[in-house]
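Have a look at the structure below before the remarks.
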Protein chains: 2
Amino acid sequence: MSLKYVILTLINQAPSTGYEINKSFEKKIGYFWHASHQQVYQELAKLKKTEMLTCEHAPQTDKPDKKVYSITVKGRDELKKWLHQPLPDKKYKDILLVRLLSADLLPIDTLCEQIKETAEFEQRRLGEFLHIQKNCYSDEQKKHLSDLDKRLFINMKKGILLAEAEITWAKEALETLQS
Amino acid sequence: MSLKYVILTLINQAPSTGYEINKSFEKKIGYFWHASHQQVYQELAKLKKTEMLTCEHAPQTDKPDKKVYSITVKGRDELKKWLHQPLPDKKYKDILLVRLLSADLLPIDTLCEQIKETAEFEQRRLGEFLHIQKNCYSDEQKKHLSDLDKRLFINMKKGILLAEAEITWAKEALETLQS
DNA sequence: ACTCCTTATGCATATAGTTGCATAATAGTA
DNA sequence: TACTATTATGCAACTATATGCATAAGGAGT
């Protein structure tokens, strides 16, 4: 339901190809939005059909041709409308917490293993975030960030805080389970 | 993909009706799993057809009749198998962070309003968690919890940590945006 | 009496998202 | 020469989830 607007947001920043949007989902914004490449291409086709985007065929000699999408006035209006709408409820889905309920079927050791793996994953993610934050945002730079950079900084901060919360939880959970 | 196993988990704890499972999603486990009532009823029908559950019709005089589902051996085996499988990647979706990217279309004030509302929502949730934790788990009680109670306690802890992270983020975000 | 809430279940339709497969050019490596 | 990776796009079929509507009995409030 929101993928449409996520894509409009990205193309509003700069005209892009489906491939570039997919790369964004894999890297840059992967930690706060996810979509598969098929979903992106399908959504782009829909957005073109409903005239939210225009598409320009860009031939390339060294690589396969690509399609560059740009946002239309109609698309930008639609996006603007959505931005002002109230936020829908968050729909939490945490498989680890579900598994924790199956006390009788899942041995504690296996469960702890899964918690440790999750914590390690979050630890790696946190490391990447902190690395970027150190390299891209010195204390000096932080004082005169552009509006957009400010917002990107804030976004990463959320990634950091959530990863830290996951790691803290994992530690406490392991302690409690093993006591 | 996992709803199937969430439902099996709940029915494995005790035979239940669709209505009770829906209530769980609204209240008890709503903060770590979500599903609509239609989805639950449809999934129950599927699980019955594939013999993961059995169903018993329970007539009532004062209220509408209900259907009580119980897990089968096959269902429990299937659940056990799933519990041992590696956890799939988490698929983050955070609309607020997407909206933050639309610097040029969303005025700072509107954005701050949305952040404040989110923070208030999380604050209420946090309040509920802390209330339950205080009333149900005194320091004395914590020393001799059953295995299942331990796990429930850990689950709530995650809710608390994540809500706190959201609130901390919101405060910092508001400060940065308004500076 | 009338209306609204809770209990209890479900169908039909639509949209969102996944999985598997397919194509095709170029560049690097074994 | 054969394989593998990157760039670039997409169809078809499926499953998951959402939306809107429907039914029906009892209890509480006005």
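Bear in mind the structure is a predicted one, so any value in this text is a computation, not a measurement.
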Which listed nucleotide ([options]) is nearest to the side chain of [X]?
X: Lys66(A); options: dA16(C), dA16(D), dT9(D); result: dT9(D)
X: Gln39(A); options: dA18(D), dA8(D), dT18(C); result: dT18(C)
X: Tyr41(B); options: dT7(D), dA16(C), dA8(C); result: dA8(C)

With side chain to side chain contact (heavy atoms under 4.5 Å, CB included) as the criterion, how do Tyr92(A) and Trp33(B) come out once you've worked through the C-alpha distance, each side chain's angles and the decisive distance to 0.1 Å? CA-CA 5 Å; Tyr92(A) 295 93; Trp33(B) 203 272; over 6 Å; no
Rounded to the Å, how far apart are [X] [atom1] and [N] [atom2]?
X: Gln60(B); N: dT7(C); atom1: CD; atom2: P; answer: 11 Å
X: Leu47(B); N: dT15(D); atom1: CG; atom2: P; answer: 14 Å
X: Asn22(B); N: dA18(D); atom1: CG; atom2: C1'; answer: 14 Å
X: Leu3(A); N: dA18(D); atom1: CG; atom2: C1'; answer: 16 Å
X: Lys48(A); N: dG10(D); atom1: NZ; atom2: C1'; answer: 13 Å
X: Ile7(A); N: dT15(C); atom1: CD1; atom2: C1'; answer: 15 Å
X: Phe25(B); N: dA18(D); atom1: CZ; atom2: C1'; answer: 15 Å
X: Lys46(A); N: dT9(D); atom1: NZ; atom2: P; answer: 18 Å

Between Tyr5(B) and Arg76(B), is there a cation-pi geometry (under 6.0 Å to ring centre, at most 45° from the normal)?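 No - Arg76(B) does not lie over the ring of Tyr5(B) by the 6.0 Å and 45° rule.
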Before accepting this row, confirm whether a basic side-chain N of the pair Glu164(B)/Arg125(B) lies closer than 4.0 Å to the acidic partner's carboxylate O.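 So Glu164(B) does not pair with Arg125(B) through a salt bridge.
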Between His34(A) (side chain) and Gly30(A) (backbone), is there a donor-acceptor pair under 3.5 Å?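 No; zero donor-acceptor contacts below 3.5 Å.
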Is it the case that the side chain of Ser102(B) and the backbone of Leu105(B) share a donor-acceptor pair, with hydrogens and angles ignored and the cut-off at 3.5 Å?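 No, Ser102(B) side chain to Leu105(B) backbone: no donor-acceptor pair under 3.5 Å.
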Using the closest heavy atom to pick a nucleotide of DNA chain C for each, name whichever of Glu20(B) or Lys63(A) lands nearer the 5' end.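 Comparing both residues, the 5'-ward one is Glu20(B).
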Residue closer to the 5' end of DNA chain C, Thr17(B) versus Lys93(B) (nearest nucleotide):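 Counting from the 5' end, the first nearest nucleotide belongs to Thr17(B).
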Could you write nucleotides 19-24 of chain C as a row of B, S and -, 5' to 3', where a protein heavy atom under 4.0 Å of any base atom gives B, of only sugar-phosphate atoms gives S, and otherwise -? BBB--B
For His34(A), which contact category applies under a 4.0 Å heavy-atom criterion: base, sugar-phosphate, or nothing?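 Touches sugar-phosphate only.
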Contact class for Lys4(B) vs. all strands (heavy atom < 4.0 Å): base, sugar-phosphate, or nothing?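 If one applies the 4.0 Å heavy-atom cut-off, Lys4(B) turns out to touch nothing in the nucleic acid.
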Name of the residue among Lys158(B), Lys157(B), Lys150(B) meeting salt bridge (charged side-chain N to carboxylate O under 4.0 Å, His left out) with Glu172(A):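 When Lys158(B), Lys157(B), Lys150(B) are each tested with Glu172(A), the salt bridge (charged side-chain N to carboxylate O under 4.0 Å, His left out) holds only for Lys157(B).
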Applying ring pair (Phe, Tyr, Trp, His ring centres under 6.0 Å), name anything that partners Phe153(B), two or more places apart in sequence or on another chain.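 Partners of Phe153(B) under the ring pair (Phe, Tyr, Trp, His ring centres under 6.0 Å) test: Tyr137(B).
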